[in-house]
Amino acid sequence: MSLHLEARVSDPTAGGLENLLSEDRRFPPSAEFAAQANASADLYSWANADRPAFWGEQARELLTWSTPFEQTLDWSDAPVARWFADGRLNAAYNAVDRHVEAGRGDKVALHFEGEGGDTRTLTYADLQREVSRAANALTSLGVTTGDRVAVYLPMIPEAVVTMLACARIGAPHSVVFGGFSAEALHSRILDAEAKLVVTADGGFRRGAASALKPAVDEALAKGAPSVEHVLVVKRTGQPVEWTEGRDVWWSDVVDTASDEHTPVDVEAEHPLFILYTSGTTGKPKGIFHTTGGYLAQAAYTHLNVFDLKAETDVYWCTADVGWITGHTYVVYGPLVNGATQVIYEGTPDTPHRGRWWEIVQKYGVTILYTAPTAIRTCMKWGEEIPAQFDLSSLRVLGSVGEPINPEAWMWYRRVVGGDRAPIVDTWWQTETGAIMISPLPGVTETKPGSAQVPLPGIAADVVDDEAHSVPDGSGGYLVLTEPWPAMLRGIWGDRQRYVDTYWSRFRGLYFAGDGAKKDEDGDIWLLGRVDDVMNVSGHRLSTTEIESALVSHPWVAEAAVVGAADETTGQAVVAFVILRGDSEAGDLPAQDVQTTLRNHVAKEIGPIAKPRQVLVVAELPKTRSGKIMRRLLRDVAENRQVGDATTLADSSVMDLIAQGLSTPA
Ligand code: 6R9
């Protein structure tokens, strides 16, 4: 076993995190890949020489401006940045029209695959017509530049079309996950004072029609004075309640609208969208992004991190448009770069567990961007499933959303990437807008489990409690030390909360909320949210390290670790594991499985990290974006009533876990 983990004991007040995770496997880029790569090592020195000028070059090169900018960064109102502020542009024009004008109208923009197997192909010319119709329809419904539009749709082409139609008229969109409750939708509509809600009768998930419109009706029944209309896409054909005068069918107003529309030029700093993300407490934060800087970094990162060749690649990001990855790497990045991409409505196991690989084979997907949780789920299902499909088209693999365990990384590389495709582990946040820390394919020698290096143009560091940069080999808190183009411009309507949340922990530094360490080479390893860091007998332990240790055991497919209150040790480690379907553990007594896994962690990390309990479960509670909701597991581990589970992708999971635990292990 080449994965070696060690936990160093530290005084929690003295020097930040000191959990070390040393992983000695290395994957240098192949000569063939490097020879054709978009990125080169020169980018780092170029960007370091003059960061704002570097970004100015990217913004000029990758975007089309109706009024070119002279200014690059204006940081005089810190911590609110202004980038390219005297320039003007339109995001939808950049994502669609300019490709048509350049003679690429017949190029496929979207290969849509419905869960039930229905498909639609939209070229850039089709997209231009659709987005123009939708922009005209929005205008006819009274939406004008600056008005907010709430979008509550499944992963269907209309979601992309709606977002671009909003951008086309300069109306910031606020996309709310289709999996969120009426309550969550209501609070987001109120906070943004949305004038219009765009939704569908429903979408297809797990082989069934899942209704969306009732949640909108329920949200609006709670009172939402700003909303004038609800625009409804017919997707499933299920019956819907109808409020005359308020509700309108997409087919009545969009399909009949003119397919010609002139995009509205906006200032670079005009808000492009609001996206709500849950804070640790209280109401969700409306993170808002503006147009020019966001688009520049979206395009630059999409081009270089995924090595996109717009003419030949078929790109697929599996994220839902309801989270930031769907905004930046389904809608804006790929379309601004003129890529051909796949979007898929459903779940990876409908109607069978090979569905994703079938899609890769069918469309010849060359670049795949997904989340560690999905990779671990596929590991759980067994590698014989992807083995049934031709995945040889894949040439770049991306990971996002949480730290990827080295074992999952290795599986991804070997089983999905044929030991050939480079993996880019991309660290970023809703707040950062675009990728910040990632290897560059063809340039960086990769390390399983590490996001490694800030991209050219990005400045990050790991600091201790006193904001001092830690030496290589030590841990601490991840911070961003220089403004970047796609950074959030604030929390909608609450500047003070923006300052308090991100800029007050360390003076002058953006605090991301993640623990991290620098290895001996200075490469960055993410250790999970700092609120996921446990303190056991005064020793700081990272949930990620213990999860990695568990997943490195051949029996374990997926693991989630929480710190549960403990009388003697302060906190104790409680692990929830999903066993691999094909492992022999299924035939052993639960007690033996527990003991083996507890000892395994003790051996990998040290006795201090040995879980008090290892609970075998069938599922883990996850948000729609795939993040494990450790808060709920902590409730289980501490024998409390389980708290608010409304943001779970599948709310029955907690019942399953509770049932499983009531049968004694
Ligand atoms: C893009 C996205 C942000 C948080 C972030 C961190 C975690 C994301 C990661 C990662 C380790 C990676 N995270 N990517 N941790 N390695 N490659 O996920 O945005 O939903 O706002 O979450 O996700 O904890 O702070 P968002």
Side-chain angles (χ1 to χ4, degrees), residues 17 21 175 177 179-180 273-280 284-289 294 297-298 301-302 305 317-330 332-333 369-376 397-406 408-409 412 423-439 446-455 458 460 462 477-480 486-488 491 501-502 505 510-517 523-533 542-545 547-548 622-630 647 649:
L17 301 167
L21 194 149
V175 181
F177 255 144
F180 278 174
F273 65 86
I274 307 171
L275 185 58
Y276 288 83
T277 162
S278 45
T280 36
K285 297 177 286 197
I287 304 300
F288 80 93
H289 285 281
Y294 170 80
Q297 194 176 331
T301 51
H302 183 255
V305 175
C317 167
T318 63
D320 192 286
V321 288
W323 70 307
I324 190 67
T325 304
H327 283 60
T328 311
Y329 298 106
V330 175
Y332 293 106
Y369 191 29
T370 192
T373 180
I375 298 161
R376 290 192 302 261
L397 303 177
S399 173
V400 60
E402 54 177 325
I404 178 165
N405 321 77
W409 194 102
Y412 195 25
I423 294 181
V424 287
D425 174 7
T426 62
W427 179 89
W428 59 295
Q429 307 176 297
T430 304
E431 292 86 342
T432 69
I435 298 171
M436 302 293 282
I437 304 178
S438 168
T446 53
K447 301 176 177 178
S450 173
Q452 295 186 280
V453 265
L455 290 180
I458 299 301
V462 180
Y477 305 99
L478 183 70
V479 293
L480 301 168
M487 70 193 293
L488 73 164
I491 294 175
T501 308
Y502 304 104
R505 178 72 178 77
Y510 171 91
F511 174 44
D514 283 303
K517 66 152 252 188
D523 281 338
I524 295 173
W525 295 70
L526 277 308
L527 297 176
R529 302 292 303 182
V530 277
D531 37 14
D532 287 339
V533 173
S542 144
T543 51
T544 306
E545 279 190 328
E547 287 165 8
S548 277
K622 286 175 193 159
T623 63
R624 281 286 293 275
S625 66
K627 289 194 200 340
I628 293 170
M629 293 190 73
R630 292 194 178 72
T647 57

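Bear in mind that the values here come from a model prediction, so they are computed numbers and not experimental data. In each ligand, atom 1 is the first atom listed, and ligand 1 is the first ligand listed.
The closest non-hydrogen atom to atom 25 (O) of ligand 1, taken over T426, T544, D514, comes from D514.
Close approach of ligand 1 to I324 (heavy-atom distance below 4.0 Å) involves ligand atoms 1 (C), 19 (O). Atoms of ligand 1 found under 4.0 Å from any heavy atom of T325, numbered from 1 in the order shown, are 1 (C). Remark: ligand 1 atoms within the under-4.0 Å shell around heavy atoms of W323 are 2 (C), 18 (O), 20 (O). Near V400, meaning under 4.0 Å from one of its heavy atoms, ligand 1 places the atoms 1 (C).
Atom 22 (O) of ligand 1 has its closest protein heavy atom at K627 CE, 3.3 Å. If you check which protein heavy atom lies closest to atom 21 (O) of ligand 1, you get T430 OG1, 2.6 Å. Among protein heavy atoms, the minimum distance from atom 11 (C) of ligand 1 is reached at P403 N, 3.1 Å. Looking at atom 1 (C) of ligand 1, its nearest protein heavy atom turns out to be W428 CE2, 3.4 Å. G401 O, 3.3 Å is the protein heavy atom nearest to atom 7 (C) of ligand 1. Protein heavy atom in closest approach to atom 12 (C) of ligand 1: E402 O, 3.5 Å.
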Please assess W427 against I524 for the test side-chain contact (heavy atoms from CB on, under 4.5 Å), listing each intermediate value before the final yes or no.
CA-CA 10 Å; W427 179 89; I524 295 173; over 6 Å; no
side-chain contact (heavy atoms from CB on, under 4.5 Å) between Q429 and I324, worked out
CA-CA 8 Å; Q429 307 176 297; I324 190 67; over 6 Å; no
Evaluate the criterion salt bridge (charged side-chain N to carboxylate O under 4.0 Å, His left out) for residue pair E547 and R630; output intermediate values, then yes/no.
CA-CA 12 Å; E547 287 165 8; R630 292 194 178 72; 2.8 Å; yes
Apply the test salt bridge (charged side-chain N to carboxylate O under 4.0 Å, His left out) to residues K517 and E545: give CA-CA distance (whole Å), side-chain angles for both, the deciding distance (0.1 Å), then the verdict.
CA-CA 12 Å; K517 66 152 252 188; E545 279 190 328; over 6 Å; no
Take V330 and T325 through the test side-chain contact (heavy atoms from CB on, under 4.5 Å) and record every step on the way to the result.
CA-CA 7 Å; V330 175; T325 304; over 6 Å; no
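Under the 4.5 Å side-chain criterion, counting only non-hydrogen atoms from C-beta, L455 is in contact with I435.
Ligand 1 does not have T277 within reach: every non-hydrogen atom of the residue lies 4.0 Å or more from it.
Heavy atoms of Q429 found under 4.0 angstrom from ligand 1 belong to the backbone as well as the side chain. Neither the backbone nor the side chain of A451 has a heavy atom within less than 4.0 Å of ligand 1.
For the pair L527 and P403, the tightest heavy-atom approach, listed with the atom from each and the gap, is C-CG, 4.5 Å.
Listed for the S399 side chain is no donor-acceptor partner under 3.5 Å among the backbone atoms of D425.
Ring pair Y332/Y294 is perpendicular by interplanar angle, where above 60° counts as perpendicular and below 30° as parallel.
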